[in-house]
Amino acid sequence: MSFTAIPILDLDLSRDPASKPEFLDQLRHALMEVGFLYLKNVGISQELWDDVVRQGKGFFDIPPEEKLKIEMKNAPSFLGYSQLSAEITAGAIDHREQIDLSTEHLLPGPDAPRYYNLLGPNQWPSEESAPGFRGTYTEYMRQMGQMTMYFTSLIAEAVGLPKDAFEKYFEADPQHKLKIVKYPDLAELGLPEGAEGQGVGPHKDSMLTSYLLQATNHRGLQVQNIQGQWIDCPPIDGTLVVAIGQGMEALTQGVCVSTTHRVLSPASGTGARFSIPFFQGVKLNATFEELERVGIGKVPADVKEQREKIVARNGGRIDDVEFTFHKGSVATTVGEATLRNRVKSHQDVGERWYPDILKSIREEQAQAAQKQARDAPRPASEVTPAVVKAH
């Protein structure tokens, strides 16, 4: 039977040699069975956490003209503000408004690969319109970067690898990313009560790990188990929700599972849901071949066997969400795949900065739709009856 709840882990247990083995056992279970977990006692002060939530919510009260000054399509980095319903996931519109930030980097040089455009300085709201916002989020990303690097070393240990096994997949100055997201409720969206508004459609996170601060008490985040059931992941005070990304699944040869999840729009009258996910960044020039090869012969055989038993117990089923990290795709590096995914999701940015990539993506989607239409069984009423010959 697949999971029916999301496990809660206490990071403090990992800091004490006496309780660390217990923590690693719990973590191994979460990595192999679920691909999601709650993490408490992460080392972020309550004061900073409160400021992050307050400043994050407050950003959306900035006058529209101020937010549009830092709109995402102004820059090729996909950093900046996105208006409501400007993003696409799983072929459908996401009903959310957001700003994307990252740890600060300089613009790439003229000879850098095109995907290095994803690096760059943030588009910050002005200090006058959002006092203290930049300082709060700069500090939060700094502390989260440190914590997530530590947690990644624990993932390595939990699956029998040296704690520094993944370090070579990080830049010396990695680009971690963060979103501040507002999901309006159904009434604000103009949708009828009982409708299933798509806050963000079914997807898997890329990279290695992501860490979600659920900033309001709304339900809405759901994780899909292997039976296809959607399991609620409600807010729990003092925790981050950790999602295992496709990069981690690739690096561990499938031992750590990346799990499909989605967000439903809040019910009418409950107000907007706010969330603040942090995405750990990996080297953009890492190749898929390198990612697929690294785990071979390194993840211990007994750990691989444990994961294989879990898969067998669940009937060998896997989901059909597109997997970013695989050889044979159009892209050959993490950076190329990430850039294509960003163009697919933010097509207004693609139209301005990457029209050739957007054209290629739309052609692929059209071909896939045609194939699906050809392969789909036709209703009996549409099937041309066979000619019956008289004898």
On a heavy-atom basis, the closest approach of Pro125 and Ile70 is N-CD1, 3.7 Å
Determine yes or no for a side-chain-to-main-chain donor-acceptor pair under 3.5 angstrom, with His261 supplying the side chain and Thr259 the backbone. yes
Any side-chain to backbone donor/acceptor pair from Ser268 onto Ala187? Under 3.5 Å, distance only. yes
Between Val255 and Leu31, is there a side-chain heavy-atom distance shorter than 4.5 Å? no
Residues Arg352 and Glu71 bridged, charged N to O under 4.0 Å: no
Measure across Ser102 and Gly120 and return the closest heavy-atom pair with its distance rounded to 0.1 Å. OG-O, 4.2 Å
Quick check on the hydrophobic clustering: are Leu84 and Val349 connected, directly or via other members, by side-chain heavy-atom contacts under 4.5 Å? no
Report yes or no: does Glu66 contribute a side-chain atom to a donor-acceptor pair with the main-chain N or O of Ser129 at less than 3.5 Å? no
Pair Tyr116, Asn285 - check side-chain contact (heavy atoms from CB on, under 4.5 Å), show working. CA-CA 9 Å; Tyr116 274 99; Asn285 62 359; 3.8 Å; yes
I'd like to know if the side chain of Asp94 and the backbone of Arg96 have a donor-acceptor N/O pair within less than 3.5 Å. no
Calculate, to the nearest 0.5 Å, the distance between atoms CG and NZ belonging to Leu11 and Lys40 respectively. 11.5 Å
Taking Asn225 for its side chain and Phe3 for its backbone only, find out whether a donor-acceptor pair lies under 3.5 Å. yes
Short question: side chain of His218, backbone of Gly271 - any donor-acceptor pair under 3.5 Å? yes
Is Lys359 salt-bridged to Asp356, going by a charged N under 4.0 Å from an acidic O? no
Quick one: do Leu186 and Ile93 end up in the same hydrophobic cluster if we chain Ile, Leu, Val, Met, Phe, Trp and Tyr together by side-chain heavy atoms under 4.5 Å apart? no
Partner set under ring pair (Phe, Tyr, Trp, His ring centres under 6.0 Å) for Tyr354, not counting sequence neighbours: Phe78
Mind checking whether Gln253 and Lys298 have side chains closer than 4.5 Å, heavy atoms only? no
NZ/NE/NH1/NH2 to OD/OE distance under 4.0 Å, Arg307 and Glu249: no
May I ask you to test the Leu118-Leu339 pair for a side-chain heavy-atom distance under 4.5 Å? yes
Heavy-atom closest pair (Val299 atom, Val159 atom, distance to 0.1 Å) is CG1-O, 3.9 Å
Report yes or no: does Glu127 contribute a side-chain atom to a donor-acceptor pair with the main-chain N or O of Gly132 at less than 3.5 Å? yes
Would you say CD of Glu193 has more than 12 non-hydrogen atoms from neighbouring residues, nucleotides or ligands within 6.0 angstrom? yes
Pairwise distance CD(Glu171) to NE2(His105) - rounded to 0.5 angstrom: 7.5 Å
Nearest heavy-atom approach of Asn117 to Pro108 is OD1-CG, 3.7 Å
Going by atom types only, do Gln280 and Thr209 share a side-chain donor-acceptor pair under 3.5 Å? yes
Are Phe170 and Phe166, when compared by the centres of their aromatic rings, separated by less than 6.0 Å? no
If you measure from OH on Tyr140 to CG on Leu178, what distance do you get to the nearest 0.5 Å? 7.0 Å
Donor-acceptor pair, side chain of Thr216 and main chain of Phe274, under 3.5 angstrom: yes
Give the C-alpha distance, both sets of side-chain angles, the deciding distance and a yes or no for salt bridge (charged side-chain N to carboxylate O under 4.0 Å, His left out) between Glu364 and Lys344. CA-CA 11 Å; Glu364 290 172 11; Lys344 185 184 295 185; 5.7 Å; no
Output for pair (Met144 CE, Thr103 OG1), nearest 0.5 Å, gives 12.0 Å
Residue set satisfying side chain to side chain donor-acceptor pair (under 3.5 Å) with Ser19, at least two apart, ordered chain then number -> none
Indicate yes or no: does Glu196 engage Arg262 in a salt bridge with an N to O separation below 4.0 Å. yes
So that I can tick it off, tell me whether Glu305 and Lys309 are bridged by a salt bridge, with the cut-off set at under 4.0 angstrom between side-chain N and carboxylate O. yes
Lys67/Glu97 under side-chain contact (heavy atoms from CB on, under 4.5 Å): CA gap, chis, key distance, verdict: CA-CA 11 Å; Lys67 289 186 284 188; Glu97 180 184 4; 2.8 Å; yes
Please test Gln214 against Arg273 for side-chain hydrogen bond (donor to acceptor under 3.5 Å, both in side chains), starting from the C-alpha separation and ending with a verdict. CA-CA 8 Å; Gln214 300 195 78; Arg273 175 180 181 268; 2.9 Å; yes
Heavy-atom donor-acceptor pair, Arg219 side chain to Pro234 backbone, under 3.5 Å: no
Here the pair of heavy atoms bringing Gly43 nearest to Arg15 is N-NH2, 4.1 Å
If hydrophobic clusters are built by linking Ile, Leu, Val, Met, Phe, Trp and Tyr wherever their side-chain heavy atoms come under 4.5 Å apart, do Leu119 and Val282 end up in the same one? no
Within the 3.5 Å criterion, strictly below it, is a donor on Glu22 or Gln26 matched to an acceptor on the partner's side chain? yes
For the student: nearest non-hydrogen atoms of Ala75 and Gln123, plus distance: CB-NE2, 4.0 Å
Could you go through residues 55-62 and list every donor-acceptor pair under 3.5 Å that involves a side-chain atom there, pairing it with any protein atom two or more places apart or in another chain?
{"unit_1": "Gln55", "atom_1": "NE2", "unit_2": "Pro131", "atom_2": "O", "d": "2.9"}

When rounded to the nearest 0.5 angstrom, what is the spacing between CD in Gln198 and NE2 in His95? 7.0 Å
Begin with the C-alpha distance, continue with both residues' side-chain angles, and end with the deciding distance and a verdict on side-chain hydrogen bond (donor to acceptor under 3.5 Å, both in side chains) for Gln143 and Glu139. CA-CA 6 Å; Gln143 292 192 25; Glu139 179 60 18; 2.7 Å; yes
Run the numbers on Trp353 and Leu358 for side-chain contact (heavy atoms from CB on, under 4.5 Å), then give the verdict. CA-CA 9 Å; Trp353 297 99; Leu358 182 59; over 6 Å; no
Under 3.5 Å, side chain of Gln306 to main-chain N/O of Met32, donor-acceptor pair present? no
Would Asp205 and Ser210 count as a side-chain hydrogen bond (donor to acceptor under 3.5 Å, both in side chains) if you check the C-alpha gap in whole Å, the side-chain angles of each, and the deciding distance to 0.1 Å? CA-CA 7 Å; Asp205 289 350; Ser210 56; 2.4 Å; yes
I'd like to know if Arg54 and Asp50 make a salt bridge, using a cut-off of under 4.0 Å between side-chain N and carboxylate O. no
Can you tell me how far the CD atom of Gln175 sits from the CD atom of Glu104, to the nearest 0.5 Å? 10.0 Å
Candidate pair Tyr137 and Ile180, rule side-chain contact (heavy atoms from CB on, under 4.5 Å), full reasoning: CA-CA 10 Å; Tyr137 274 91; Ile180 310 169; 3.4 Å; yes
Going only through I, L, V, M, F, W and Y residues with side-chain contacts under 4.5 Å, is there a path from Met141 to Leu240? yes
Check for me, please, whether Ile44 and Phe279 land in the same ILVMFWY cluster - side-chain distances under 4.5 Å, paths through other members count. no
Take the angle between the ring planes of His176 and Phe278 and call it parallel below 30°, perpendicular above 60°, tilted in between. tilted
Would you sort out whether Asp185 and Thr270 count as a side-chain hydrogen bond (donor to acceptor under 3.5 Å, both in side chains), showing the intermediate values? CA-CA 7 Å; Asp185 69 18; Thr270 62; 4.6 Å; no
